[in-house]
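Notes to accompany the following structure.
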Protein chains: 2
Amino acid sequence: MNKKVLYKGCLEPILLKLLHENGRMYGYEITRKVKELTAGELNITEGALYPLLHRLEADGVLEAEMENIGNRVRKYYSLTQNGRKEKVKAVSELENFAQTLQLLLNPKPSF
Amino acid sequence: MNKKVLYKGCLEPILLKLLHENGRMYGYEITRKVKELTAGELNITEGALYPLLHRLEADGVLEAEMENIGNRVRKYYSLTQNGRKEKVKAVSELENFAQTLQLLLNPKPSF
DNA sequence: AAATATACACAAGAATCTTATATATAATCA
DNA sequence: TGATTATATATAAGATTCTTGTGTATATTT
């Protein structure tokens with residue numbers, strides 16, 4: 001993507017779903033994973049991702065642990081108990097939205 | 001919808017597609033049509049719709065004509081020639097986005 | 001040695017929507 | 001008949017979410 005706005009609001013459910021599936025991930029890894037899953041279509045920018053990660057950590061949805069990789073510090077994020085609940089809610093909303101989009105793009109013929 | 005943000009950015013392609021299919025429509029009609037097509041899921045608010053209509057008219061994507069219905073004035077919008085081009089572009093971006101969403105929601109198993 | 005990949009982070013600004021409000025007519029309901 | 005709901009357009013203030021640009025630093029590839 002990266003074209004216009006479009007996927008605004010979808011980042012959070014996408015993130016929570018990824019963390020649920022992968023257990024724990026760090027920021028850079030998340031951007032790579034999303035790019036890979038979407039065949040290069042969706043590039044999450046750092047300016048969007050890191051503020052979101054910080055907000056979700058502050059809200060108790062995510063928890064973070066630092067890890068030393070060589071000389072570097074890597075910050076792993078994972079869902080809290082509350083985060084797992086949030087994930088269910090957010091993803092079901094996104095699925096619902098995806099279906100709604102389909103209704104608009106391919107309306108059922110009414111005859 | 002109306003729940004969170006989510007469909008941000010999708011309004012313009014949806015609108016252009018509707019106008020393409022229906023020839024001409026007025027604001028209130030558009031809000032009803034979207035609600036109908038999405039089984040009540042997506043409610044376009046006036047605060048989102050009217051500014052968008054005005055912007056697209058100013059940009060030469062839409063043209064408007066007033067019509068008197070009883071004592072009331074109704075404003076019909078339709079696509080300009082340029083608008084029809086814009087419609088193709090915007091809708092194909094939205095379709096692409098919908099597919100990208102599917103990739104994230106139902107990733108292809110990699111084995 | 002330079003460029004690219006890895007890794008995190010923030011600030012300013014743009015874009016898009018929500019909520020609230022305003023106006024006015026027409027139809028329905030109690 | 002008075003109140004509510006539906007029809008119809010419109011604007012303003014504010015919230016949210018993202019993009020773009022910038023900064024720092026290490027590791028790897030060319």
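Nothing here was measured: the structure is a model prediction, and the numbers come from that model. Side chains are part of it too, since the values below use all heavy atoms of this structure and drop only hydrogens, waters and symmetry mates.
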Indicate yes or no: does A:R24 engage A:E67 in a salt bridge with an N to O separation below 4.0 Å. yes
What is the distance from CG of B:N68 to P of C:dA24, rounded to the nearest Å? 17 Å
Evaluation steps, salt bridge (charged side-chain N to carboxylate O under 4.0 Å, His left out), between B:K87 and B:E12: CA-CA 9 Å; B:K87 176 255 166 189; B:E12 183 173 331; over 6 Å; no
Give the rounded distance in Å between these two atoms: CD of B:E57 and P of D:dT11. 11 Å
Looking only at side-chain N and O atoms, does B:T45 come under 4.0 Å of OP1 or OP2 in C:dC17? no
Readout for nucleotides 21-30 of chain D: B = base within 4.0 Å of protein heavy atom, S = sugar-phosphate only, - = neither; 5' to 3' it is -----BS---
Check the distance between C:dA9's C1' and A:L52's CG and give it to me in whole angstrom. 14 Å
Given C:dT18, D:dT9, D:dC18, identify the nucleotide with an atom nearest to the side chain of A:A48. D:dC18
Any side-chain heavy atom of B:Y7 within less than 4.5 Å of one from A:L101? no
Over all strands shown, is A:L11 touching base, sugar-phosphate only, or nothing at heavy-atom distances under 4.0 angstrom? sugar-phosphate
Answer with yes or no whether B:K8 presents, from its side chain, a donor or acceptor under 3.5 Å of a partner atom in the base of D:dT16. yes
Can you tell me which nucleotide in D:dA10, D:dA8, C:dA9 comes closest to the side chain of B:Y77? D:dA10
Within this structure, what is the CE-to-P distance between B:M25 and D:dT7, rounded to whole angstrom? 14 Å
Does A:K89 pair with A:E93 as a salt bridge, N-O distance under 4.0 Å? no
Can you figure out which of C:dC8, D:dA6, C:dT18 approaches the side chain of A:Y26 most closely? C:dC8
So do the side chains of A:L49 and A:T45 get within less than 4.5 Å of each other, counting heavy atoms only? no
Rounded to whole Å, please give me the gap between CD in A:E12 and C1' in D:dC18. 14 Å
What nucleotide, of D:dT19, C:dT18, C:dC8, holds the atom closest to the side chain of A:Y50? C:dC8
Look at the aromatic rings of B:Y76 and B:Y26 and report parallel, tilted or perpendicular, splitting at 30° and 60°. perpendicular
So do A:L16 and A:L56 actually touch side chain to side chain, heavy atoms under 4.5 Å? yes
When you check the phosphate oxygens OP1 and OP2 of C:dC10, does a side-chain N or O of A:H54 lie under 4.0 Å from one of them? yes
OP1 or OP2 of C:dA7 less than 4.0 angstrom from a side-chain nitrogen or oxygen of A:R32, does that happen here? no
Quickly work out the A:Y7 OH to C:dA15 P distance and round it to whole Å. 16 Å
